[in-house]
Amino acid sequence: MSLDLLPGRVVGIVGETGCGKSTLGHSIPRLLPEPPAKVKAGKIIFQGTDLLRLPKWRMPGIRGTGIGMIFQEPINSLNPAFRVGDQIAESVRIRKLRERGLMPGIKPEVKGFDYSKRELPKASDVVTGPFIPPNVSQTLKARGVPMTKEIHQEVLDFLRLVRINDPERIVSLFPHELSGGMRQRIMIAMALSGKPALLIADEPTSALDVTIQAQVLTLMKELMEEVRTSILFISHDLGVIAEMADELGVMYAGHLVEFGPVAEIFGSPRHPYTKALLRSIPNKYKDEGVLPSLSGSVPNLSHLPEGCTFHPRCPLARDVCKHKPEPPLAILPPGPQALLHKSACYFPEEVPSMP
Amino acid sequence: MSTPTLPASKAVRAGSTTPARPRGAFRANVRLILRILAANPLTLVGFILVVIVSVTAFLIVAVPAVSTLLIGRAVSILPYPALDTAAFPANQAPSFAHLLGTDQAGTDVLSNVMAALPTDLGIGFSVAGVSLIIGGLLGLVAGFWDTPGTLSSVASIGILRITDIFLSFPTLVLALAITAAWGRGEVQSELAVIVTWWPFYVRLTRGEVLSIKVQPYVIAARAAGVSETTILFRHVVRNLLEPLAVYFSLDVGTVIVTYSTISYVGVGVPPSVPEWGNLMYQYQDLLLTQPWTVLSVTAAIFITVLAFSLLGDGLRDILDPRSRRIMATTTVASHSGEGT
Amino acid sequence: MGRSWSDLVVFILKRLVQLIPVLLGVIIITFFFTHIAVSNPCAIWSGPKASPSTIEACIRNNHFNDPLPVQFYYYIEGLLSGNWGVDPLFHLPVLPYLLTTFPETLELVLTATVMMIFVGIPLGVVAAASNGRIADHLVRIFYLSGWATPTYIAGVILAIGLGPLLGVTGGDFSTTSAPVPQITHMSVLDAIIALNPSATGDAIVHLLLPALALAFLNMGIATRMTRSSMLEILPLDFVKTAKMKGLGDFWVLYKHALRNALITTTTVLGVTAGTMVSGTVVIESIFKWPGIGLYAYDAITGYDFAGTIGVVIFFAIVVVVANMISDILYGILDPRVAWR
């Protein structure tokens with residue numbers, strides 16, 4: 001599969017459970033355990049480097065300031081043994097060391113971040129750094145080593161950025177003392193505090209209550225305006241994707257089956273799977289009786305059907321689909337639609353009239 | 001709700017996971033166990049070693065007994081009679097006649113080490129077995145009937161307190177004190193080890209029972225009006241068997257180590273009985289001059305105990321559904337990785 | 001929150017109060033086991049050639065003709081007033097002897113614990129990080145050998161096999177070349193207090209092998225525990241979060257993952273305390289280490305009731321205190337746990 005992420009754009013990835021969305025998200029920063037996971041072929045080009053060809057020991061330099069990530073379960077994604085302030089501080093310290101060339105790794109794209117609109121927090125008196133003799137501390141400062149106080153200030157900044165009103169109190173709490181929504185805000189703050197060029201959000205709201213989900217989504221949407229960074233937004237929820245993404249990719253059984261601008265895909269889907277997916281969203285306003293649905297289930301990724309992987313469930317399927325190899329993700333013939341709308345179907349023109 | 005999972009597909013998937021026929025499930029289980037064994041050669045080694053060691057021990061005891069019955073005289077599979085003092089020249093290095101050499105008393109080392117096998121293995125099984133029964137029952141009582149305010153909870157608290165007291169004795173010291181007091185002998189020292197051994201099973205069983213008791217399936221069964229006895233046997237006891245089996249198989253080796261230690265310090269079986277701790281005590285000063293003596297005993301204990309720990313470790317992988325699932329998925333993942 | 005240092009103090013006080021019934025139980029059990037098994041040890045104590053009047057006096061002094069509960073009353077009375085009885089051979093009071101030998105043993109046990117923590121735990125991390133690869137298999141072989149080698153065999157091999165390399169013959173590790181005043185009764189500490197570098201070096205050399213023999217099994221236990229809890233921790237999301245901050249593998253493993261894995265590993269401290277204390281009895285008699293373990297051996301085999309009970313009390317205190325320390329560490333490491 002092929003996917004381009006442009007600077008400052010939000011790309012959504014949608015698909016059923018088990019279709020490989022999360023694997024995609026985890027494979028970009030090479031988080032899958034190797035072995036057993038192994039990317040057999042392909043390239044992940046990030047800022048001109050193929051991450052798959054990078055030796056393993058250089059990957060930490062990419063993470064944090066290059067690629068950040070938000071995980072699905074805020075319960076598990078924060079370390080239960082450390083105070084949240086310290087966990088964010090760790091991320092801030094890494095970025096600062098890299099900014100000053102004191103630690104190997106990608107330097108953050110500072111220009112993408114704009115705090116000028118936000119009111120700068122006042123110096124806090126809760127800061128008590130470890131005791132360092134004055135001359136040592138001055139040498140460190142001269143070398144550009146970030147000081148505890150400086151880092152603490154930034155931690156408070158980032159907590160305010162994710163709309164936490166009393167950061168001074170929150171920093172000294174442990175994850176288990178916070179609600180799910182709060183934890184996810186902290187996770188977002190932590191990922192942003194590395195100022196990454198690419199942020200991967202792997203179902204960031206799926207594990208939250210509906211009301212909290214709405215709050216976190218609003219927050220993320222606002223942050224996208226403020227912090228212009230590329231985002232890969234993975235979700236199984238079409239409604240969420242419609243809100244957040246500029247472009248949308250639809251995944252089925254490990255393959256990208258359709259890709260294009262969000263409005264385009266919602267308006268005129270050109271893959272039978274996308275169409276079925278869209279139709280299964282209940283309409284809030286009218287009672288449609290039984291929701292139309294798709295028979296069958298996602299195939300096991302280790303035993304994919306021959307031909308087009310979707311053919312056993314596709315109402316448009318015919319012999320070609322069973323015998324010819326997997327259709328490529330092809331740019332659709334220019335029509336009234338978009339410039340860049342791709343579909344992996346042999347008969348995209350028949351989709352609008354699909355039963 | 002805005003979850004776009006396809007409802008019918010979900011239903012179909014749920015339908016497709018109806019339990020397979022028992023026979024197919026059994027065959028699938030056997031296949032899974034074989035695959036786990038193949039993926040974890042150490043477990044297989046442990047299993048084979050346990051079989052070899054047990055069969056040898058059985059033959060050493062059974063062959064003389066059976067041959068006495070059949071042909072009227074005892075035939076032993078030992079090369080020479082064990083601890084037969086001054087039968088051979090002393091301190092001979094290993095040779096074809098004496099595969100592990102002879103010791104300072106002129107007896108064949110291999111025969112001595114082999115003759116000790118049934119003793120030590122028998123003690124391992126019997127001590128661990130009796131402790132399992134005593135400790136398992138007490139632990140079940142203490143774990144299952146601990147509702148506060150009932151008469152049975154008093155009993156369970158009593159069991160726990162006594163267990164705590166026994167657990168704060170260092171095992172070996174208490175066993176030593178008891179054997180010293182009761183005199184030197186196989187039965188006395190076995191009883192002494194059992195006295196110190198059962199509390200571990202109480203703690204293990206009670207912990208397992210407490211965690212099984214709050215499992216959703218137990219609560220569901222109780223809500224459905226299933227009687228307490230049925231819950232006890234069908235759910236609790238049934239789910240206890242696997243952790244206890246794992247612990248027991250690890251424990252046989254531990255008992256052998258402890259028991260031979262008691263003999264080594266001189267309060268276990270009498271010196272006339274071939275036993276590894278006894279042999280070690282007799283041989284220890286020969287380590288630098290006739291190393292084959294000490295090393296033979298060391299190897300015998302090492303292999304036996306290692307066999308049981310490897311088997312126990314492997315059993316845990318096979319029986320613990322969680323680690324079993326992880327094993328299965330990783331094997332599937334690695335297979336599919338090769339396929340694509 | 002509810003986790004302050006005052007909670008910790010209350011917690012420790014509570015645990016110390018709970019120690020009293022446990023100790024009482026330990027004393028009762030040991031007292032009755034020894035006194036029922038051998039109702040009149042005076043004949044043994046006084047030797048075969050003793051006159052009936054000596055034995056008569058011995059029985060009278062020790063109240064052996066009184067019913068057991070009365071004897072027990074006399075014993076407890078003495079215990080509380082600091083008179084823990086006298087040993088039958090030299091008629092020396094037990095308590096001062098225990099107090100001078102205990103630090104020697106403590107030194108050994110603490111050194112072994114340090115070895116266990118600083119060797120056993122990192123090995124477990126290495127194994128988990130390279131799960132399924134060569135390093136993992138090597139570490140598993142290491143901890144299984146620790147498991148399968150009885151402490152006395154490790155002791156014999158180190159004392160008699162390696163001792164001569166350090167210039168120690170006959171396995172006697174008690175004497176150092178340069179005697180220093182005994183202030184703390186810990187050989188290394190005394191040598192340091194005496195500001196005697198050569199004696200310090202000598203004391204450390206003498207300490208290392210017995211401590212290693214004592215630690216071998218427990219290192220294995222710590223490695224095994226660390227490995228299995230690390231394997232549970234490593235797939236969790238917060239480890240990925242730590243990686244995604246840009247932290248190197250070392251910090252991810254040893255700061256983020258190990259910190260959480262240690263929560264379960266600390267519970268092992270309480271378990272190993274029991275095996276270590278048991279181990280001292282064997283190790284000290286092999287290495288001739290003048291600690292409480294050696295004394296325990298002599299007391300138990302010499303029918304020295306006062307000494308036996310005294311030793312058991314000390315050992316029980318060590319086990320209970322070790323469990324308390326592991327509970328405190330558990331609370332410090334896991335912020336979700338309240339000290340109860």
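Order of the sequence lines sets the chain letters (A, B, ...), proteins ahead of strands, with each chain counted from 1.
Judged purely by distance below 3.5 Å, without hydrogens or angles, the side chains of Asn278(B) and Tyr283(B) never pair a donor atom with an acceptor atom. For Tyr152(C) and Ser285(C), the side-chain atoms include no donor-acceptor pair closer than 3.5 Å. Looking only at atom types and distance, the side chain of Asp120(B) has no donor-acceptor partner in the side chain of Thr304(B) under 3.5 Å away. With 3.5 Å as the limit, one finds a donor-acceptor pair spanning the side chains of Ser189(B) and Tyr259(B). Side-chain atoms of Glu284(C) and Thr105(C) include a donor-acceptor pair closer than 3.5 Å.
With a threshold of 4.5 angstrom between heavy atoms, Val320(C) approaches chain B through side-chain atoms but not through N, CA, C or O. At a 4.5 Å heavy-atom cutoff, Phe314(C) makes no contact with chain B through either its backbone or its side chain. With a threshold of 4.5 angstrom between heavy atoms, Thr280(C) does not approach chain B through any atom at all. Looking at Ala296(C), there are no atoms closer than 4.5 Å to chain B (heavy atoms on both sides), in backbone or side chain. For a residue to count as touching a neighbouring chain, one of its non-hydrogen atoms must lie under 4.5 Å from one of that chain's; by this rule Val281(C) touches chain B with the side chain only. For Tyr264(B), the part sitting under 4.5 Å from any heavy atom of chain C is the side chain, from C-beta outward, and nothing else. In this structure, no portion of Pro235(C) lies under 4.5 Å from any heavy atom of chain B.
Annotation: maximal heavy-atom pairing with chain C below 4.5 Å, among Val257(B), Val265(B), Leu295(B), occurs at Val265(B). Heavy-atom pairs under 4.5 Å with chain C were tallied for Val305(B), Val297(B), Leu310(B); the largest tally goes to Val305(B).
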Can I get a per-line list of side-chain donor-acceptor pairs under 3.5 Å for residues 190-198 of chain B, giving both atom names and the distance, sequence neighbours left out?
from      : atom 1 : to        : atom 2 : distance (Å)
Glu190(B) : OE1    : Ser126(B) : OG     : 3.0
Thr196(B) : OG1    : Val193(B) : O      : 2.7
Trp197(B) : NE1    : Asp251(B) : OD1    : 3.4
Trp197(B) : NE1    : Asp251(B) : OD2    : 2.8
Trp198(B) : NE1    : Val195(B) : O      : 2.9

